[in-house]
Q: 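Sharing a structure, written as structure tokens. Questions coming.
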Amino acid sequence: MKLTEKHLWISRALPFGLYMLFIGLHSIVEPMVSREIASTCLTPLIYTLKISVVIIALAFFWKSYDELSRFKVNFNYLITTLVLGSVVFVLWINMDWPFATMGEIQPYDPHLLPSEWLLPFIIIRLFGASVIVPIFEELFWRSFILRYIINSDFTSVKLGSFSWPSFVISSILFGLEHNFWLAGIMAGIFYNLLLYRTKNLWYCILAHGITNLLLGIYVIKTGSWQYW
């Protein structure tokens, strides 16, 4: 499907919007059911649906993501990306101060699931966090919002273009999307800087994926479910 310039923002905003819609749906439905149903059925079901719907949306719009059609491996950029993704992870798990947390964190322990569902859900959760989330979030924040703040005709703005308002506003908004808002702002700053350096969204997706993969492994190994 070929989108007009006027509607190109939909392809970058809709996957993110659908993901947030399911988060809102979960928060509305969860108080209506028992804790047992929420733990063993509702939470894994909504997460699986959430990721599945976003995958469908990304696949539907994929040909419109021109910023993902260009990728040439640069060894120096690749090393920078790997290091930056790892640094963001380390900082993230050390920035969970009470004042830097948005609301009360209610961690979900997947071990509450029936044993036969545990491994499949962890695989889905890890895949969603380290592959799907980085793709749609970077398309929304670094490709769309960062440029839209500079000019509402965002496709006329070169990817990785810098302005102080777009840098500051997008970093703050990215942080406010997360429960650990200060850690989120930190991550937004680093991913923005990486885009300014590389001018390529794939490096941001990779760095974001590394952060989330390391965080997921850390959560599984330590049982620090509040980060999920």
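Scope of the values below: all heavy atoms of this structure, side chains included, with no hydrogens, waters or symmetry mates. Sequential numbering from 1 along the given sequence is applied to the chain's residues.
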Q: Just wondering, more than 12 heavy atoms not from Y227 lying within 6.0 Å of its OH?
A: yes

Q: Report the distance from atom NZ of K158 to atom NZ of K199, rounding to the nearest 0.5 Å.
A: 6.5 Å

Q: With heavy-atom distances below 4.5 Å as the criterion, would you say the side chains of I169 and I145 are in contact?
A: no

Q: Working to the nearest 0.5 angstrom, can you tell me the gap between S69 OG and W62 CH2?
A: 10.5 Å

Q: Restricting to non-hydrogen atoms, name the atom on S161 and the atom on I150 that form the minimum distance, rounded to 0.1 Å.
A: O-CD1, 3.7 Å

Q: Looking only at heavy atoms, which two atoms of S39 and L112 are closest? And how far apart?
A: OG-CD1, 3.6 Å

Q: Without placing hydrogens or testing angles, list every side-chain donor-acceptor pair under 3.5 Å for residues 122-140, not counting sequence neighbours.
A:
unit_1, atom_1, unit_2, atom_2, d
R125, NH1, Y47, OH, 3.4
R125, NH2, W228, O, 2.7
S130, OG, L126, O, 2.6
E137, OE1, H208, NE2, 3.3
E138, OE1, R142, NE, 2.8
E138, OE2, R142, NH2, 2.9
E138, OE2, H208, ND1, 2.7

Q: Does the side chain of R35 reach to within under 4.5 Å of the side chain of E30, using non-hydrogen atoms?
A: no

Q: Around atom CD of E116, are there more than 12 heavy atoms from other residues, nucleotides or ligands closer than 6.0 Å?
A: yes

Q: Between T155 and D153, is there a side-chain donor-acceptor contact under 3.5 Å, judged purely by atom types and distance?
A: yes

Q: From the options F162, W164, Y191, select the one residue that forms a ring-ring contact (aromatic ring centres under 6.0 Å, His included) with Y196.
A: F162

Q: Side-chain heavy atoms under 4.5 angstrom apart, residues restricted to Ile, Leu, Val, Met, Phe, Trp, Tyr: same cluster for F60 and Y65?
A: yes

Q: Can you check whether H111 and W117 have ring centres sitting under 6.0 Å from each other?
A: no

Q: Report whether I23 and I51 are members of the same hydrophobic cluster (ILVMFWY, side-chain heavy atoms less than 4.5 Å apart, transitive linking).
A: yes

Q: Do side-chain atoms of T222 reach the backbone of Y218 as a donor and acceptor pair under 3.5 angstrom?
A: yes

Q: Give a yes or no on whether V73 and W202 share a hydrophobic cluster (residues Ile, Leu, Val, Met, Phe, Trp, Tyr; joining criterion: side-chain heavy atoms under 4.5 Å apart).
A: yes

Q: Cut-off 3.5 Å, side chains only: do S143 and R147 have a donor facing an acceptor?
A: yes

Q: Is there a side-chain contact between W225 and P110 (heavy atoms, below 4.5 Å)?
A: yes

Q: Do you know the tightest heavy-atom contact between R70 and D66?
A: NH1-O, 3.1 Å

Q: Any link between I10 and I56 through a network of hydrophobic side chains (Ile, Leu, Val, Met, Phe, Trp, Tyr) touching at under 4.5 Å?
A: no

Q: Let me check something: any side-chain donor-acceptor pairs from residues 79-89 under 3.5 Å, sequence neighbours excluded? List them with distances.
A:
unit_1, atom_1, unit_2, atom_2, d
T80, OG1, N76, O, 2.9
T81, OG1, Y77, O, 2.7
S86, OG, L82, O, 2.9

Q: Just by modelled atom types, is the W92 backbone N or O under 3.5 Å from a matching donor or acceptor in the D96 side chain?
A: no

Q: Do I55 and S52 come within less than 4.5 Å of each other through their side chains, counting heavy atoms only?
A: no

Q: Please name the pair of heavy atoms, one in S64 and one in E67, separated by the smallest distance, quoted to 0.1 Å.
A: O-OE1, 4.4 Å

Q: Once you round to the nearest 0.5 Å, how far does CD1 of I37 lie from OG1 of T43?
A: 11.5 Å

Q: Would you give me the side-chain donor-acceptor pairs under 3.5 Å for residues 171-182, sequence neighbours excluded?
A:
unit_1, atom_1, unit_2, atom_2, d
S171, OG, F167, O, 2.7
S171, OG, N192, ND2, 3.0
E177, OE1, W141, NE1, 3.0
H178, ND1, F174, O, 2.8
W181, NE1, F99, O, 3.3
W181, NE1, A100, O, 3.4

Q: Report the distance from atom CG of L45 to atom NZ of K50, rounding to the nearest 0.5 Å.
A: 11.5 Å

Q: L14 and W9: same hydrophobic cluster, using ILVMFWY side-chain contacts below 4.5 Å?
A: yes

Q: Give a yes-or-no answer on whether the side chains of S166 and Y148 include a donor-acceptor pair shorter than 3.5 Å.
A: no

Q: Could you grab the distance from atom CZ of F190 to atom CG of L195, nearest 0.5 Å is fine?
A: 15.0 Å

Q: Where does the angle between the aromatic ring planes of Y203 and F71 fall among parallel (under 30°), tilted (30 to 60°) and perpendicular (over 60°)?
A: tilted

Q: Could you give the distance from OG1 (T211) to CG (L91), rounded to the nearest 0.5 Å?
A: 9.5 Å

Q: So, do I210 and L214 sit near enough that their side-chain heavy atoms are less than 4.5 Å apart?
A: yes

Q: For N200, does its backbone N or O pair with a side-chain atom of T198 as donor and acceptor, under 3.5 Å?
A: yes

